[in-house]
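All values below come from the heavy atoms of this structure, side chains included, with hydrogens, waters and symmetry mates left out.
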Amino acid sequence: MPPARPLFLTFLLLAGCADAPSLDGRISAAAAAAPYPQLQPLAPLLAQAAQPGRITATSTAQMDGSTAGLRARAAALRGPVIDAATRARMQQGIARAALR
């Protein structure tokens, strides 16, 4: 028997011994007095689902343009945060502090 099976069975037995949580007072009086929701006919929903999609060549072109713009912004953000001259100056400061 794999070692995980006895452990799983132990947890299963322990879960069976647990007390169920008390749910009294969890529903407000307004919610308890509210009427049941009305059921809606399914036919209009199915008819709407059967209609052709709203994606057109124009919306696709707009989305491609937005995607390209976001990718360009992401590429610009991937560059170094600190330029080389500032990084070199910072490294010199660290090296001087280590010598003290």
Chemist: Atom CE of M63 and atom OG1 of T58: how far apart are they, to the nearest 0.5 Å?
Modeler: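 Answer for the CE-OG1 pair, M63 versus T58, is 12.5 Å.
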Chemist: Among residues at least two apart in sequence or on other chains, which ones pass side chain to side chain contact (heavy atoms under 4.5 Å, CB included) with I82?
Modeler: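 Once residues adjacent in sequence are excluded, the partners of I82 under the side chain to side chain contact (heavy atoms under 4.5 Å, CB included) criterion are T86, R87, M90.
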Chemist: Check this for me: I55, atom CD1, are more than 12 non-hydrogen atoms of other residues, nucleotides or ligands nearer than 6.0 Å?
Modeler: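 Not more than 12 within 6.0 Å, no.
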